[in-house]
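Within every chain, numbering begins at 1; the chains are lettered A, B, ... in the order of the sequence lines, protein sequences first and strands thereafter. No experiment lies behind these values; they were computed from the predicted model shown.
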Amino acid sequence: MTTERYNPAKAEPKWQEIWNSHNCFAASSDKSAKKYYVLEMFPYPSGRIHMGHVRNYAMGDVIARYKRARGFNVLHPMGWDAFGMPAENAAIERNIHPKKWTYENIAAMRKQLKSMGLSIDWSREFATCDPEYYGQQQALFLDFLEKGLVERRKSVVNWDPVDHTVLANEQVIDGKGWRSGATVEQRELSQWFLKISDYSQELLDALDELTGWPEKVRTMQKNWIGRSEGMQFTFKLEDAEGNPVNSGLTVFTTRHDTIFGASFCAIAADHELTKTAAEHSPQIANFRKECAALGTSEEAIEQAEKKGIPLGIYAIHPFLKDVRLPVYAANFVLMGYGEGAVFGCPAHDQRDLDFANKYGLKVIPVVASKDDPGSTEITDTAYLEKDDAQTVMINSHFLDGMSVPEAKEEVARRFENEGIGERKINFRLRDWGISRQRFWGCPIPVVHCDNCGIVPVNKSELPVKLPDNVTFDKPGNPLERHPDWKKVSCPECGLDATRETDTFDTFVDSSWYFARFCSPEADKPVDTAETDYWLPVDQYIGGIEHAILHLLYSRFFTRCMKATGHLNIKEPFANLFTQGMVIHETFRTKNNEWIIPEEAVQHDGKWQHIKTGEALITGNAEKMSKSKKNVIDPDEIIQRYGADTARWFMLSDSPPERDIEWTEAGAEGAWKFSQKIWRIINDIAEITTNSDNCANDGDSLQLRKICHKTTQAVSEDIESLRYNRAIARIHELANELTSFLKNKDNANRSSEALKEVSQMFCQLIAPMMPHLAEECWQVLGNSTILALQSWPQVSKQLIEEDEITIAVQINGKRRAEMTISKNADKMETEKAALQLEAITSKLEGLNIRKVIVVPGRIVNIVAS
RNA sequence: GCCCCUGUGGCGGAAUUGGUAGACGCGCUGGAUUCAAAAUCCAGUUCCCUUACGGGAGUGGGAGUUCGAUUCUCCCCGGGGGCACCA
C-alpha cells in the first residue's frame, strides 16, 4: 500500500470551511420537525480554551451530530459568559479596558473552538457583555421588580475586602471569598435580592420530577435547600425577680418531643433580646463584640468553644409553669436561621450537652431505648435515637410511654390548641443577593431620586450601557467615581437623580442565556414562539461544580420568567449530564515546587528532574491548573495530532461522568487509531475486483451482521452518552474489517458488502471524528457531505441470530459452552447440554439432582 | 456528625432484568517486516499449580439469599464528594 498518512492539518480546515459554506449546522426555522436542543455550559472567555472545554464540547458535539443524522432539527449554540472580575483585574494590571480584553479573548477562543470542528450554529453566538444581551436582562429585571420577585433591603452581607465586593453565601467557601481567597467580613448594605426563598418548596418538590438529572445533583440541591419540619412556639419570659418581660421568646425546633428535657434557652448574639440586654451590661456587650470578631470562617467556628453568657432572664416552660429556663446568649446560635433562638435539651443534642456540661445545667433524659429503658444515664454523649420503633418517652408527664413521633404529634397538638405555637417549615436556602459593587457587569437599571426614592429606568431607555471611559487606578467601582455616568434625571419627577452603580452578580447572566439562544436577536428577552418550540434544553452538559449555584439559579430564573410571561416552562433542562474533569499527573520537588511533567524522567524506577537530577515526588493526577504546572494546551495537541485525535481521546476509555487522565500514551493511541482507519478505508477503496459474490453469504454476510450489530450498539451508547463503550464497539468493528481484508483469498468477499460496511463505518465514527470521517467518505467515492447524511439504518434481519452460544455449568461453574438454536425450548436445551462430551465426562459418578435451564441464557446442572 | 457515590488484571475500564467476569484500549512479552529504526502486522497477556492436557482461586473484607452474585441484603474497611454549631 502506498497510501499517504492522513494529514489532519490539511483535512480539518478544509472540511470546516466546507461545513461552514454549506451552512450545515444552522438550526432550521422549520418548526414542524422534531427538535433537539443540546447545550454545553458556555465558557468564560479567559483567553484560551483548556482540555476541560475540549472534553465538554466534544461530548456535546457527538450527541448534536448524531441527533442531526437522526433527522432532528438540532440547536447547538455557543456563547460567552463574559462579565466578571478577571477582566477588571486585567484592566488594573495591564491598563486595558475590560471590554477590549474580553472581546479579544473571545476572538481567540472562538478560533480555537472552531479548530475543534464543532457542529455549532455560530449565527446565534452572543456574549453576555453585549449590550443587546444585558439590555434584555435589564428588561427582565424590571419585569421581576414589578411582579414582586425582587426586593431591596438592608442586610448584613459578606464583604470581600480584596475584591471590594459583596459575595453571595454560595461564593463564600470556608469563610473566604471564592475568588480572592480573602477572609470575608460582615457589612451592612442596601442590596437587591431575588426572592428565591419564596420558591424553596417548589424548587425542592420539582426535583423529584427531574428524572433526567443525576441523582447526585438532585441530592445536593435538596441538601442546599435544606427543608426542616418543626414547630415554632413562644416562651413567656420573666426576670430574676419573677417580673414578666414583655416580649416573649420565639424559638424554632424540630425536637418538640423533648420539651420536658429542656434546661435552658440560647439565643444569637445578634438577637434583639441580646442587644437589649447589652445596653445595660458591659459584659454582654463585650460578648457580642467577641462573637462578631470571630467571623464566619468554618475553621473559626469549628475551633471555637461553645460559649454563652446568661442574660438574667428566664423562659417559663410551656407546660410546667414552675420550671424556669435560664436564657443565654450563645455563640453557636445563628441569627440567620429560624428565629435565632433555641431551647436546649442537653440529653438529646450533643451541642446542647457540651454547653450544659460547661455551665452546669441540668441534663434530663426524656427519650429512652425501648429495649433498655432503664439505662438512661447521659454524661458526655447525647442519646440521639428518634426512630419510633426504638424509642419510648420518659420523664415527660403526659408524653410518657409514647414513641418520639407520637410525642411530637401530641406536643404539636397541644401547642396549637393553646395558641402558643404552630407547625413550621424552615429552609436553609436564603434569598439571592445579586448586587455587586463592580464595573464589569450588567448595570442594575434603577435610579435613586431624593424625591421619589428608587425608580426603575424606563424600558425605552434600555440598555443602560456601561461607559467606555473609565479608569481602574483606584480600588472599588469605577462607575461610582465616573464624572457623569451616574448623573441622570429622575424618570418620574425629572429632577436630578443618580443611577444605581451596582451591577448584577454574573450568575444572573448565566441564568437565562439558554433561553436567549432560541431567539438571540429578539427585541425582547425571548421570543416565546421560539422558546415554546426549543425549550427545555434536551441535553445540558457541564461540570459538577455547577450542581448548586448555576443550576439552582437557572431553575429559579426560569420560574420567574414564567411568572412574568416570558416562558411557559418551569424547568429549563430536561436532561443534565455532569462530566468529569480532565486530570494530569503532577510532580514536585522535596521543597514542594511543582515541576512540569515533561521535565520528569524515570531512572531505575525513580522519578527525577531531567536537568538537575533531583529526586521528584509523584503526586496524584489532579485537575489541570497553572499552579500545579500540569496543564496541557489543547492548541498544541490539535496542532500535533489534529482535532479528531483530541476529541477521540477525550471520549475514549473513561466513562464521561468520571475524571479522565490525560496521558501522552493515550493521545498517541488515539492518533494511531485514526491512521488505522485511514489505512483500512484506503485499502477498501483500492479493491477493484467487482466481484459478483453475494453479500448475503459466507464471510461477507458475517461482516455485515457484525457491522449492523455494531451500529445498533453504538447508537444506543451515544443516546445514553456512554461514549467509551461506543468507541470500544468501533474498535471491534475496525478489527473485524482488518481481518476481513487480510484474507485476500476470501472467495466470498462481496464488493457490495464491503461498500455498505465501509460507508457505515464512516458514519459511525463521524460524530467523534468528523473530519476524518468526511475524508474517508470521499475516498470511498462519495461526493456528498457526510455531516448531512442520515444515520445508517440497522437491518433487523441482520442483527437477529438464529443460533446463540450459551454456557453450560455444573454446580454453578462453567464447564462447557454450546451453540444452539435461538428458539430451542427447555427440553431441547437440556438435552443438548447433557449430550456434550465435556459435560458427560465431568458428570461421571455424579448424581444429577436438578437441571436449571434458562432458554437463551444458561444451563446449570446441579449434581453431587 | 448527617447524606450520597465508589472499590473488578500492571493501568483506564466492560459485563440488559442476578446467568460464560475481565469486552475494548493502554502497557508488557514473543514473533514477522527492515541493513537498522520508526510505522505496521501476527500471537500471547487475571493470579497460582502444571512441559502440556488440565486444575484451583478470583470483582475491598466478612456473612446471607439463590441452582447461580461484580450485580440483591446486612456488617466492616478503604477512596471520593456534598452539607454542617441549621436547632
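Residues A/Ala807 and A/Phe332 both approach RNA chain B. Their nearest nucleotides, taken by heavy-atom distance, put A/Ala807 toward the 5′ side. Nearest-nucleotide mapping onto RNA chain B: of A/Ser739 and A/Glu817, the residue sitting toward the 5' end is A/Glu817.
Across all strands shown, A/Val851 has no heavy atoms under 4.0 Å from either base or sugar-phosphate atoms. In this structure, A/Ser652 reaches neither bases nor backbone, as no heavy-atom distance under 4.0 Å exists between it and the strands shown. Contact annotation for A/Asp349: no contact, since no heavy-atom pair falls under 4.0 Å across all strands.
Remark: P of B/A87 and CZ of A/Arg227 are 13 Å apart, rounded to the nearest angstrom. Look at CD1 on A/Ile806: it is 10 Å from C1' on B/U20, rounded to the nearest Å. One interatomic measurement links the two molecules: CD1 of A/Ile544 to P of B/G80, which rounds to 17 Å at whole-angstrom precision. If you measure from atom CE of A/Met768 to atom P of B/C24, you get 17 Å, rounded to the nearest angstrom. Remark: P of B/A84 and CD1 of A/Ile225 are 13 Å apart, rounded to the nearest angstrom. In this structure, A/Asn426 places its CG atom 15 Å from P of B/A84, rounding to the nearest Å. In this structure, A/Gln232 atom CD and B/C86 atom P are separated by 18 Å, rounded to whole Å. Separating the NZ atom of A/Lys623 from the C1' atom of B/G80 is a distance of 16 Å, rounded to the nearest angstrom.
Using a 4.0 Å cut-off between a side-chain N of Lys or Arg and a carboxylate O of Asp or Glu, A/Asp208 and A/Lys222 qualify as a salt bridge. Classification of A/Glu828 and A/Lys831 as a salt-bridged pair fails, no side-chain N sitting under 4.0 Å from a carboxylate O.
Rounded to the nearest Å, the gap between the C1' atom of B/C48 and that of B/C4 is 39 Å. B/U46 sits 28 Å from B/A32 when the C1' atoms are compared, rounded to a whole Å. Of the P atoms belonging to B/G44 and B/G25, the separation is 13 Å, rounded to the nearest Å. Atom C1' of B/U6 sits at a distance of 35 Å from the matching atom of B/G55, rounded to the whole Å. Taking atom P on both nucleotides, B/G19 is separated from B/U70 by 10 Å, rounded to a whole Å. On the C1' atoms, B/C11 is 15 Å away from B/G7, given to the nearest whole Å. A distance of about 14 Å separates the P atoms of B/G10 and B/U59, rounded to the whole Å. When the C1' atom is compared between B/A21 and B/G58, the two are found 9 Å apart, to the nearest whole Å.
Shown here, B/G7 forms a base pair with B/C77; the pair counts as Watson-Crick or G-U wobble because both key distances fall under 3.5 Å. When both pairing distances are held under 3.5 Å, B/C83 makes a Watson-Crick or G-U pair with B/G1. Nucleotide B/U59 is matched to nothing when pairs are restricted to Watson-Crick or G-U wobble geometry with both distances under 3.5 angstrom. Both distances falling under 3.5 Å, in either a Watson-Crick or a G-U wobble arrangement, place B/C67 opposite B/G19. The pairing partner recorded for B/A43 is B/U29, the criterion being a Watson-Crick or G-U wobble arrangement whose two distances lie under 3.5 angstrom.
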**Asked** What is the per-nucleotide protein-contact pattern of nucleotides 2-8 of chain B, from the 5' end, where B denotes a base atom under 4.0 Å from a protein heavy atom, S denotes such proximity for sugar-phosphate atoms only, and - denotes neither?
**Response** -------
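By the 6.0 Å contact criterion, CZ on A/Arg555 is enclosed, its count of non-hydrogen atoms from other residues, nucleotides or ligands being greater than 12. Applying the 6.0 Å contact sphere to NZ of A/Lys362 captures no more than 12 heavy atoms from other residues, nucleotides or ligands.
Remark: A/Arg814 is not in phosphate contact with B/G68, judged by side-chain N or O atoms under 4.0 Å from OP1 or OP2. Side-chain N/O atoms of A/Arg430 include none lying less than 4.0 angstrom from OP1 or OP2 on B/C86.
Two rings, from A/Phe649 and A/Trp671, have their centers 6.0 Å or more apart. Proximity of the aromatic rings of A/Tyr328 and A/Phe355 is defined here by a centroid distance below 6.0 angstrom, and this criterion is met. You'll find the ring centres of A/Phe264 and A/Tyr359 outside the 6.0 Å limit.
Among pairs with a residue in residues 664-677 of chain A, those fulfilling salt bridge (charged side-chain N to carboxylate O under 4.0 Å, His left out) read A/Arg640-A/Glu664, at least two apart in sequence or across chains. The salt bridge (charged side-chain N to carboxylate O under 4.0 Å, His left out) pairs that include a residue from residues 256-266 of chain A are A/Arg255-A/Asp257, where partners are two or more places apart or lie in different chains.
For A/Asn724, the side-chain atoms get nearest to B/G13 when compared with the rest of B/A87, B/C42, B/G13. Listed candidates were B/C24, B/A21, B/A87. Nearest to the side chain of A/Ala728 is B/C24.
Below 30°, between 30° and 60°, or above 60°: for A/Trp678 and A/Tyr6 the angle between ring planes is between 30° and 60°, a tilted geometry. Using a 30° and 60° split on the angle between ring planes, A/Tyr383 and A/His348 fall in the perpendicular class, above 60°.
Residues A/Pro318 and A/Phe235 come closest through the heavy atom pair CD-CE2, 3.5 Å.
Side-chain contact between A/Pro656 and A/Leu651 is absent, with no heavy atoms from C-beta onward closer than 4.5 Å. A 4.5 Å side-chain heavy-atom check between A/Ile637 and A/Ile632 finds at least one atom pair inside the cut-off.
Listed in residue order, the members of residues 255-271 of chain A having a heavy atom less than 4.0 Å from RNA chain B are A/Arg255.
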**Request:** Would you check, one step at a time, whether the test side chain to side chain contact (heavy atoms under 4.5 Å, CB included) holds for A/Thr234 with A/Ile420?
**Result:** CA-CA 6 Å; A/Thr234 305; A/Ile420 51 173; 5.6 Å; no
**Asked** Can you list the steps and then say if A/Met581 with A/Asp659 is a side chain to side chain contact (heavy atoms under 4.5 Å, CB included)?
**Response** CA-CA 5 Å; A/Met581 296 182 298; A/Asp659 288 351; 3.6 Å; yes
Between the protein and nucleotides 56-67 of chain B, list the N/O to N/O atom pairs that are separated by less than 3.5 angstrom.
from	atom 1	to	atom 2	distance (Å)
B/G56	OP2	A/Arg815	NH1	3.4
B/A57	OP2	A/Lys813	NZ	3.0
B/C67	O2'	A/Asn860	ND2	3.1
B/C67	O2	A/Asn860	ND2	2.6

Dump the pairs, protein N or O against N or O of nucleotides 25-31 of chain B, anything under 3.5 Å, distances to one decimal.
from	atom 1	to	atom 2	distance (Å)
B/G25	OP1	A/Asn735	ND2	3.2

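The line from CD of A/Glu732 to NZ of A/Lys709 is 11.0 Å long, rounded to the nearest 0.5 Å.
With its glycosidic angle more than 90° from 0, B/G82 is assigned anti.
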